[in-house]
Number of protein chains: 2
Amino acid sequence: MTTGDSALADNGRPKPRWKQDPEGVRSDILAVALAEFSNNGLSGARIDEIAAKTRTSKRMIYYYFGDKQRLYQKALEAAYRKVRSGEEELALDHLPPRDALRRLVEFTFDHHRRNPDFIRLVMIENIHHGDYLRHSDLIRNLNETAISRVDAIYRKGVETGEFRPGLSPVAIHWQISALSFFNVSNRATFSLLFGEELHTEDGQALLRRQVADSVLRFVQSAPL
Amino acid sequence: MTTGDSALADNGRPKPRWKQDPEGVRSDILAVALAEFSNNGLSGARIDEIAAKTRTSKRMIYYYFGDKQRLYQKALEAAYRKVRSGEEELALDHLPPRDALRRLVEFTFDHHRRNPDFIRLVMIENIHHGDYLRHSDLIRNLNETAISRVDAIYRKGVETGEFRPGLSPVAIHWQISALSFFNVSNRATFSLLFGEELHTEDGQALLRRQVADSVLRFVQSAPL
DNA sequence: TGACAAATTAACCAGACGGTACAATGAATG
DNA sequence: CATTCATTGTACCGTCTGGTTAATTTGTCA
């Protein structure tokens with residue numbers, strides 16, 4: 001029906017059947033790829049399926065990304081960038097060390113929960129022994145900030161005597177990451193084996209407090 | 001060359017070209033499958049590759065296991081059984097609560113480190129949202145012991161006043177698991193982003209102590 | 001406006017891979 | 001030793017899937 005689907009535009013010239021939009025196409029592909037790889041893994045994801053969920057075609061994927069592995073790598077990088085950008089909001093400098101650390105832990109815990117796709121991609125990348133992250137240049141720079149943020153809080157705490165000296169900032173960060181990450185990554189099997197209780201709303205609130213408490217208790221020099 | 005490869009045995013009758021060994025074949029397949037799935041994931045693993053690494057043929061895999069998914073499920077179950085069986089050694093009843101808990105944590109930490117294949121299978125199963133563990137009957141029973149072991153120690157500690165009351169044994173177990181699991185599961189990406197220092201021999205010794213300390217500090221009512 | 005590069009479409013392909021058909025060989029039973 | 005069934009070997013198949021070929025359309029700029 002109708003003029004809208006005609007091959008001729010109003011001016012009588014042949015109507016453009018598609019518009020060029022390289023950046024749009026690229027980011028569209030990347031977003032779909034991220035979701036698909038996150039759901040199915042590198043080998044589990046299907047290029048045809050990614051293409052189908054895109055507004056463009058399979059050919060475009062190869063045009064812009066070369067092959068499946070490079071697409072995966074770009075998706076991984078995009079995921080890291082997206083997540084890191086969401087971490088910048090945090091302003092802790094003005095808080096006393098204990099409050100700052102607690103807020104950092106709680107933020108990390110929440111942030112991981114909010115980004116299950118990212119967590120799953122990192123799991124997948126670990127299954128691949130980090131082979132794709134290793135060959136990614138852009139990523140290496142995003143590490144420093146996380147450590148230095150912990151370091152700043154920790155140093156201040158040691159100065160005020162609230163935190164005990166001799167701990168490693170990297171190890172403290174490791175501890176925070178481990179608990180926040182595991183909460184998302186192993187939800188399925190843990191729930192199956194030990195019940196859903198920790199993954200209800202109440203259970204998650206409990207764990208959030210527990211994780212913060214445990215990190216604080218670990219770092220503090222005095223009790224309470 | 002020579003008589004050994006002849007089609008006739010010494011007695012002149014046709015030589016058996018193969019011996020029957022159902023259980024051997026089955027467990028052989030299972031062991032290879034476990035390694036392959038652990039390395040490559042469910043979709044990444046190749047039946048032909050598994051068959052090649054077996055002393056038998058692809059045909060046997062289908063004869064005994066039906067299809068790829070069922071093979072994966074059996075491998076997963078086998079992994080759980082193998083790991084759980086290695087946990088039985090532990091005898092903690094005679095120890096005072098703090099020592100018992102520390103030993104339990106250290107044991108769990110070491111045990112996870114010793115079984116990276118198992119960890120990887122669990123990661124993979126979580127990628128699949130636990131779909132295969134969910135439909136496995138034999139597994140459900142293996143959960144109780146882990147919790148009750150923590151529970152026994154914790155109760156005793158609360159009685160003696162060494163541990164503070166009001167904590168959840170499941171949540172304590174969760175905490176121990178999280179730290180021990182993450183140490184293995186995320187080694188690749190963590191090392192890439194934050195350096196190898198925590199995964200040297202010294203680094204692992206440090207983390208082991210840190211994990212035990214942190215759990216103890218979390219549970220204890222009084223400091224130190 | 002015309003030529004050239006960038007972007008996009010549509011159809012196609014070769015190999016990989018999960019799975020099967022069928023015959024042959026072993027062991028157990030009577 | 002004949003029968004029977006579980007086990008194993010060989011060869012094969014259909015489809016899925018990553019990747020490609022080639023032609024067409026759109027934007028740009030001299």
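Residue numbers start from 1 in every chain, and the chains themselves are labelled A, B, ... in the order their sequence lines are given, proteins ahead of strands. What's counted below: heavy atoms across the whole structure, side chains too, no hydrogens, waters or symmetry copies.
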Evaluate the side-chain proximity of Q175(A) to S214(B): yes if any heavy-atom separation is below 4.5 Å, no if none is. yes
Donor-acceptor pair, distance only, cut-off 3.5 Å: does the side chain of E125(B) make one with the backbone of L76(B)? no
Do F218(B) and F218(A) come close enough that some side-chain heavy atom pair is under 4.5 Å? no
For DNA chain D, determine which residues of residues 23-31 of chain A have any heavy atom closer than 4.0 angstrom to one of its atoms, and list them numerically. none
Spacing between L71(A) atom CG and dG19(D) atom P, to the nearest angstrom: 10 Å
For a 4.5 angstrom cut-off between non-hydrogen side-chain atoms, does M123(B) reach F181(B)? yes
Donor + acceptor pair across side chains of Q204(B), N183(B) (<3.5 Å): yes
Give the residues of residues 32-50 of chain A touching DNA chain D, defined as any heavy atom closer than 4.0 Å, sorted by residue number. A45(A), R46(A), I47(A), D48(A)
Sub-4.0 Å heavy-atom contacts from residues 52-59 of chain A onto DNA chain D, ordered by number: K58(A), R59(A)
Angle between the end axes of the helix from dT1(C)-dA30(D) to dG30(C)-dC1(D), five pairs per end, to the nearest 10 degrees? 0°
Please tell me if the side chains of L101(A) and Y154(A) come closer than 4.5 Å, counting only heavy atoms from C-beta onward. no
Return the residues of residues 62-70 of chain B meeting this criterion: a heavy atom under 4.0 Å from some atom of DNA chain D. Order them by number, or give none. Y63(B), Y64(B)
Can you tell me if N126(B) and S185(A) form a side-chain donor-acceptor pair at under 3.5 Å? no
Can you establish whether the number of heavy atoms outside R103(A) located under 6.0 Å from its atom CZ is more than 12? no
Is there a side-chain contact (heavy atoms from CB on, under 4.5 Å) between I127(B) and L42(B) once you walk through the steps? CA-CA 10 Å; I127(B) 293 289; L42(B) 172 50; over 6 Å; no
Any ring-ring contact (aromatic ring centres under 6.0 Å, His included) involving residues 27-63 of chain B? Give me the pairs, sequence neighbours left out, ordered by first then second residue. F37(B)-Y72(B)
Ring-plane angle category for H128(B) and Y132(B), please: parallel below 30°, perpendicular beyond 60°, tilted otherwise. perpendicular
Identify whether the distance between the nearest side-chain nitrogen and carboxylate oxygen of R113(A) and E201(A) falls below 4.0 Å. yes
Rounded to whole Å, CD1 of I61(A) lies from C1' of dT17(D) at a distance of 12 Å
Would you check if the side chain of S180(A) reaches a backbone N or O of S177(A) as a donor-acceptor pair within less than 3.5 Å? no
Check for a donor-acceptor pair, side chain of H173(A) on one end and backbone N or O of P169(A) on the other, with a separation under 3.5 Å. no
Only one of R120(A), R46(A), K53(A), K68(A) passes salt bridge (Lys or Arg N to Asp or Glu O under 4.0 Å) with E36(A), and that residue is K53(A)
